[in-house]
Colleague: 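The structure follows.
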Amino acid sequence: MRKKLVAGNWKMYGSLNENKQLLDGIITGLNGLCNTHTAVCVPYPYLSSVQNALQDTQIAWGAQNVSQYEKGAYTGEVSVSMLNDFKCDYVIVGHSERRAIFGEDNNIVAEKYVKIQEAGMIPILCVGETLEQRESGITEQIIKEQLAAVIKRAGIISLSKAIIAYEPVWAIGTGKTASPEQAQDVHAFIRKGIADQDMGVAKELTILYGGSVKPNNASELFKMPDIDGGLIGGASLVASDFVAICRAMNI
Ligand code: PEP
């Protein structure tokens with residue numbers, strides 16, 4: 001059976017105090033929930049305190065980005081070995097905010113993906129189209145190109161140690177969720193494209209949906225056959241919302 005995962009993306013929010021309250025609420029709220037894997041991807045400065053808070057729980061943690069370089073004169077960057085020092089399981093790569101605001105193209109994303117896997121962590125590879133691209137009818141082409149760059153660089157088998165997150169850019173942080181059918185269509189397209197190259201990898205691949213997932217829409221999305229969980233932004237900052245979304249996956 002495919003692994004189910006609900007991962008929070010805290011983005012650039014939080015403080016030591018706020019994080020403590022948030023994690024206390026999540027740990028208490030998730031007590032006893034066992035079918036779903038849960039993770040939080042947090043800002044770098046909080047990795048140490050999050051590791052301390054979560055190390056004896058079933059909740060995993062990770063980062064939201066990493067450098068494509070191993071080490072060196074790259075002021076302001078963070079390497080995979082640094083993330084390993086904090087026992088991160090997951091690293092988000094190719095988030096649309098990194099692509100759009102920080103100019104990360106498909107090749108940079110592929111380099112980062114490789115580094116994350118070489119270091120033994122699991123990339124959560126984000127793909128998704130903008131509103132303009134959807135309206136021009138090129139959603140599938142965009143997703144195909146985003147995936148192809150990674151597959152070309154790392155090989156199809158690499159996806160057996162990765163997670164894909166389909167995140168339509170127009171749904172991220174906008175309150176506009178893709179309908180379960182819209183999301184399912186793209187998830188099925190992704191899985192089929194991978195199945196054409198390796199059936200076994202496609203069957204086992206966890207594909208998350210991300211984009212304004214909230215407690216009131218999570219279960220409809222998670223019921224779809226190719227949606228294996230969620231990457232959650234805004235709602236991952238509210239303990240009761242995040243817990244409710246994890247519970248919706250667990251049904
Ligand atoms: C995200 O940041 O990956 C995301 C999906 O955000 P939100 O849930 O706020 O749309």
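Note that the structure is predicted; figures quoted are calculated from it, not measured. If you read the sequence from its start, that first residue is 1, and numbering goes on from there. We count ligands from 1, going down the list as the structure has it; atoms in each ligand are counted the same way.
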Colleague: Using heavy atoms and a threshold below 4.0 Å, how should the contact between Ile172 and ligand 1 be classified: side chain, backbone, both, or neither?
Modeller: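 Both the backbone and the side chain of Ile172 come within reach of ligand 1.
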
Colleague: Please confirm whether Asn9 comes within less than 3.5 Å of ligand 1 when only nitrogen or oxygen atoms on both sides are compared.
Modeller: yes

Colleague: Which residue, Leu47, Leu23, Leu22, forms the side chain to side chain contact (heavy atoms under 4.5 Å, CB included) with Val42?
Modeller: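 So, applying the side chain to side chain contact (heavy atoms under 4.5 Å, CB included) to Val42 and each of Leu47, Leu23, Leu22, only Leu47 qualifies.
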
Colleague: Determine, using heavy atoms of Ser212 and all atoms of ligand 1, whether some pair is separated by less than 4.0 Å.
Modeller: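 Per 4.0 Å heavy-atom rule, Ser212 contacts ligand 1.
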
Colleague: May I ask you to list the atoms of ligand 1 that are less than 4.0 angstrom from any heavy atom of Ala171?
Modeller: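 Close to Ala171: 10 (O).
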
Colleague: Under 4.0 Å from a heavy atom of Gly234: give me the atoms of ligand 1 that qualify, with their elements.
Modeller: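 Ligand 1 atoms under the 4.0 Å threshold to Gly234: 7 (P), 8 (O), 9 (O).
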
Colleague: Do any pairs count as a ring pair (Phe, Tyr, Trp, His ring centres under 6.0 Å) and have a residue in residues 170-212, sequence neighbours left out, and if so which ones?
Modeller: Tyr166-His187

Colleague: What part of Ala165, side chain from CB on, backbone N/CA/C/O, both or neither, has a heavy atom under 4.0 Å from ligand 1?
Modeller: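 No part of Ala165 is near ligand 1 at this cut-off.
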
Colleague: Looking at ligand 1, does His95 have a heavy atom less than 4.0 Å from it?
Modeller: yes

Colleague: Over all heavy atoms of both residues, which pair between Ala178 and Gln182 is shortest? Give the atoms and the distance, please.
Modeller: CA-OE1, 3.5 Å

Colleague: Compute the shortest N/O to N/O distance between Gly233 and ligand 1 and return yes if it is under 3.5 Å, no if not.
Modeller: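 Gly233 vs ligand 1: N/O contact under 3.5 Å present.
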
Colleague: With only distance considered, is Gly173 within less than 3.5 Å of ligand 1 through an N or O on each side?
Modeller: yes

Colleague: Please enumerate all residues that pass salt bridge (Lys or Arg N to Asp or Glu O under 4.0 Å) together with Lys192, with sequence neighbours excluded.
Modeller: Asp196

Colleague: Please list, in number order, the atoms of ligand 1 under 4.0 Å from a heavy atom of Gly211.
Modeller: 5 (C), 10 (O)

Colleague: Is there a side-chain contact (heavy atoms from CB on, under 4.5 Å) between Tyr44 and Leu83 once you walk through the steps?
Modeller: CA-CA 8 Å; Tyr44 297 136; Leu83 297 185; 3.9 Å; yes

Colleague: Which protein heavy atom lies closest to atom 5 (C) of ligand 1, and at what distance to 0.1 Å?
Modeller: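 That would be Glu167 OE2, 3.1 Å.
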
Colleague: Are Ile164 and Ile194 close enough that some pair of their side-chain heavy atoms sits under 4.5 Å apart?
Modeller: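 When only atoms from C-beta onward are counted, Ile194 and Ile164 do touch, with a gap below 4.5 Å.
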
Colleague: For the residue pair Glu167 and His95, establish whether any side-chain heavy-atom pair is separated by less than 4.5 Å.
Modeller: yes

Colleague: Search all heavy atoms of Trp10 against all heavy atoms of Ser236 and return the closest pair with its distance.
Modeller: CD1-OG, 3.5 Å

Colleague: Does Cys126 reach ligand 1, in the sense of a heavy atom lying below 4.0 Å from it?
Modeller: no

